[in-house]
Every structure is written in structure tokens, then in C-alpha cells.
J.: 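Input: one structure, supplied below.
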Amino acid sequence: MRNWKMIVASAVVVLVLVGAGSLYAQQKKTPKLTTDDYSEITRIYYRYSWSVDSRDGKTWASLFTPDGVFEYPNGNKVVGHDALMLEPQKALGDPTATTAVHMTTNIWTEATPEGAHGGAYLLNVVPGGQGKPATITAVSFYEDWFVKTQDGWRIKHRLAHSEGGRAPSVITGTASK
Amino acid sequence: VNSRILQAIVAFVTAATACGSVYTYAQSKHGRELTANDYLEIYRIYSTYNWMTDARNGSAKADLFTPDGVFQVVSAGGKIGRTEVGHERLTASVQRELGPATQTTPLHFVMNVSVEPTPDGGAHGGSYMLNVKPGESGQPATIASLVFYEDWLVKTPEGWRIKLRKARSEGGLGPATIFPPVPN
């Protein structure tokens, strides 16, 4: 009789441990991003460039969460929808035929337990005007943290990097300390 | 009692019809949503367009348009220039306008492809395009020009096709011309 009790008690302990382990693994596990997720995040990157270049602050800010953050390489931050909405015009002034435009490429994103983390390369291109060639005035990088909200994917935090060729290793976490 | 039930049914049907109309109106105003597959197919059109242009494959480039598709050059002041209409002219224009490809002929680099659904089931949008001229014997490449494509696309039984492409040269004013800012 005592043996039976021991066996049942051991089984219960094992089951509890297996259950707890499984629950922990589930919580730790990062959900995969679907094709729809990647498509939506890619569109955010492109819409971002168009809206900043047309000084469309409303569309630009709508790509962020209401408490979203845009952080400049020098650490200055623009926080929250109202401030973000004013930023394109405030930082860049009126667009003209020869003001720089943002050209984004090499979009890279990975799932995280909270949403997604990733980035993109950015060329700042100044149109030449009147037959002159255009020039690349800066190569920058965006590092982003995304979350999936009820209204779709949004940028929670965008950090602009200006480390040149070192930026990809800084953003992907392979830079030497 | 029967009259009350009838009134309730009439009220319910009226409310449901009103909701349906509002939904249909909203759908038609903003256009049906594009799926991830739609976006992928449209992105492929933008990339293939560059490859086929740079390879001087006029026929493959023209296949990306509808049979009555239009390519139009719009200059800095918004003035409409060269216009190619239909498969035959679109095919011939590649070789005629660009000549044979050489080691230093400019190449087409497209970025920021952004399209939105339209009420008629199509899509409107565009991309930024850099015309990059490879450098000669060790010289750096240069950006010969910056152009914005504005496109109207339709979904045909054969897949997405360009109905109208405008190649615009307004420089920094291009983005706001194609996607006007939303008023605050």
C-alpha cells in the first residue's frame, strides 16, 4: 500500500515538473513572424520614407505606437504621437526640388518575445537639379523595435545610427565589445 | 404581440441594412485591402522592370504593363513629355531610348516601393529610383539622376500589371506630389 502511495506521489511530482518546464519553455519561446507580418513591417519602412519626405507628419507619427520614440544618433529623443507629428517639418523644413530624400533598403527583421527587432540601411540622397547628378550625403542605419497592436504593427522605438560600416554589427549584436 | 414582433424584425432589418451600407461605403472608399501575396507580386514587378530595362529586354518589360499600358515622362515643372502607349511601343522604346547596354551605361535601382489599394480594386503608389552610372576603370560610380515612379496597377486574370507609369523628376518635391500629406 505504502509503495502505491509513493508511486502516485512520484508521478504527481514528475507531472508537475514536466508541466512547469513546458510552461516555462512556452513563455521563453519567441513566436515566429508570418508572411503577413513581414509584409506589414516592410510597408512601414517604405511608408516612413515617403511620409518624412513629403513632411506628412500625421502619417509618419501613425507608424509609431502612441508612446513611440524616435531617437537621434546624439541621444535626443522625440517621444509620443503629438511630438512625432511635428518632427518632420520641424527637423527638415519645407521640401524643395533639391532637399534630400530618404532611400531605404536591406530591411531585416527578427521576431522577439515582445514583437520584432530589426533595421534598415538608409541613403540620404540630394537630387542634383537642373541636370546635375544627385549625391549621397549620408549613409545611416535604423534600428527598430516593433510591437503588434490592435491596429497592426507599429514602431515602438526607432534609433538612428551613424556608425558607418560598424552599424550592422552593432545592430545585429555581433560588434566586439 | 405579432405587431411588436413585426416592428422588431423591421427595425433589425433596417439597422442591418444601414450597417451593411456603411461597411460597403467604407470598403469602396478605401479600396479592398491588398494581401501579402499582392504586395509580393507588385514588388516583383518593380524589380523585374529594372532587370528587363537594364537588360534591354523590351518585350519582357512591356509584359509588365497591361496591353494598353502607358509609360509617361513628367519633367520638373509637371510638363508631360514622351509617352509610350501599348505593348508594341513599350517594347521598342527600351532599345530606342537607352541604346545597347555597356559597362558604363546607367542602371536602375529602385527603393521605397509603396502602394495603396484603390476603390476600383487596383493599386496606386510608386517608388524612388536611382539611375547609377558605374565608374570607368576604377572610378567611383555616380548617381546620374533621381526619379520617382508613380504607378497605377490593376489585377488582371494574368496577375498584377502596370496600367500607367509616370516617371517624375520633381526632385525633393516628388514624394509629396505622389502621396500628398494628410492634413493635421
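The chains referred to below are lettered A, B, ... by the order of the sequence lines, with proteins before strands, and numbering in each begins at 1. Since the structure is predicted, the reported quantities are computational estimates derived from the model, not experimental observations.
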J.: Is A:Thr35 close to chain B through its backbone or its side chain, or both, or neither, when contacts mean heavy atoms under 4.5 Å?
T.: both
J.: Listed by residue number, which members of residues 56-81 of chain A have a heavy atom under 4.5 Å from any heavy atom of chain B?
T.: A:Asp56, A:Lys58, A:Thr59
J.: Taking atom CH2 of A:Trp108 as the centre, report whether more than 12 heavy atoms of other residues, nucleotides or ligands fall under 6.0 Å from it.
T.: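 Above 12, so yes.
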J.: Please classify the contact of B:Tyr128 with chain A as side chain, backbone, both or neither, using a heavy-atom distance under 4.5 Å.
T.: both
J.: Under 4.5 Å from any heavy atom of chain A, what part of B:Thr142 do you find: side chain, backbone, both or neither?
T.: neither
J.: Hydrophobic clustering (ILVMFWY, side-chain heavy atoms < 4.5 Å, transitive) - are B:Phe148 and B:Tyr49 grouped together?
T.: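 Shared cluster, no.
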J.: So which of B:Gly171, B:Pro175, B:Ala176 has the largest heavy-atom pair count under 4.5 angstrom toward chain A?
T.: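 Looking at each of B:Gly171, B:Pro175, B:Ala176 in turn, B:Pro175 comes out on top.
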J.: Tell me whether the count of non-hydrogen atoms from other residues, nucleotides or ligands lying under 6.0 Å of CD in B:Glu88 goes above 12.
T.: no
J.: Looking only at heavy atoms, which two atoms of A:Ala97 and B:Leu173 are closest? And how far apart?
T.: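 Looks like N-CG, 3.8 Å.
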J.: Are A:Leu84 and A:Trp50 joined in one hydrophobic group, where the rule is that I, L, V, M, F, W and Y side chains link up if heavy atoms are under 4.5 Å apart?
T.: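 Not linked; separate clusters.
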J.: Side chain, backbone, both or neither: which part of B:Ser127 has a non-hydrogen atom closer than 4.5 Å to chain A?
T.: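 For B:Ser127, the backbone is the part near chain A, not the side chain.
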J.: If you count heavy-atom pairs under 4.5 Å with chain B, which of A:Thr99, A:Ile136, A:Thr96 comes out on top?
T.: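 Of A:Thr99, A:Ile136, A:Thr96, A:Thr96 has the most heavy-atom pairs under 4.5 Å with chain B.
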J.: Does the side-chain contact (heavy atoms from CB on, under 4.5 Å) test come out yes or no for A:Thr42 and B:Tyr39, once each step is laid out?
T.: CA-CA 10 Å; A:Thr42 301; B:Tyr39 282 110; over 6 Å; no
J.: Write out, in numerical order, the residues from residues 98-109 of chain B with a heavy atom short of 4.5 Å from a heavy atom in chain A.
T.: none
J.: Tell me whether B:Phe179 is reachable from A:Ile44 by hopping between hydrophobic residues (I, L, V, M, F, W, Y) whose side-chain heavy atoms are closer than 4.5 Å.
T.: no
J.: Quick check: under 4.5 Å, non-hydrogen atoms only, which of residues 141-163 of chain A neighbour chain B?
T.: none
J.: Return the CG to CG distance between B:Asn112 and A:Leu122, rounded to the nearest 0.5 Å.
T.: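 Here the interatomic distance stands at 8.5 Å.
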J.: Considering only heavy atoms and a distance below 4.5 Å, find which of A:Ser51, A:Ser54, A:Pro133, A:Ser39 pairs most often with chain B.
T.: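 The option with the most such pairs is A:Ser54.
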J.: Mind checking which of residues 100-107 of chain A sit less than 4.5 Å from chain B, heavy atom to heavy atom?
T.: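 Contacts with chain B: A:Val101, A:His102, A:Met103, A:Thr104, A:Thr105.
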J.: Nearest heavy-atom pair of A:Tyr46 and B:Ser114: which atoms, and what distance?
T.: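 It is CB-CB, 4.3 Å.
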J.: Among B:Pro180, B:Ala76, B:Gly126, which residue forms the greatest number of heavy-atom pairs with chain A at distances under 4.5 Å?
T.: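 Greatest number of close heavy-atom pairs with chain A: B:Gly126.
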J.: If hydrophobic clusters are built by linking Ile, Leu, Val, Met, Phe, Trp and Tyr wherever their side-chain heavy atoms come under 4.5 Å apart, do A:Tyr121 and B:Met111 end up in the same one?
T.: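 Same cluster.
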J.: Might you point out which heavy atoms bring B:Gly172 and A:Pro127 nearest each other, and give the distance in Å?
T.: N-CG, 3.6 Å
J.: So which residue, B:Asn37, B:Val182, B:Leu146, ends up with the most heavy-atom pairs under 4.5 Å with chain A?
T.: B:Val182
J.: If hydrophobic clusters are built by linking Ile, Leu, Val, Met, Phe, Trp and Tyr wherever their side-chain heavy atoms come under 4.5 Å apart, do B:Ile162 and B:Trp152 end up in the same one?
T.: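 Hydrophobic grouping puts B:Ile162 apart from B:Trp152.
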J.: I'd like to know whether CZ of B:Arg82 has more than 12 heavy-atom contacts from other residues, nucleotides or ligands below 6.0 angstrom.
T.: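 Enclosed.
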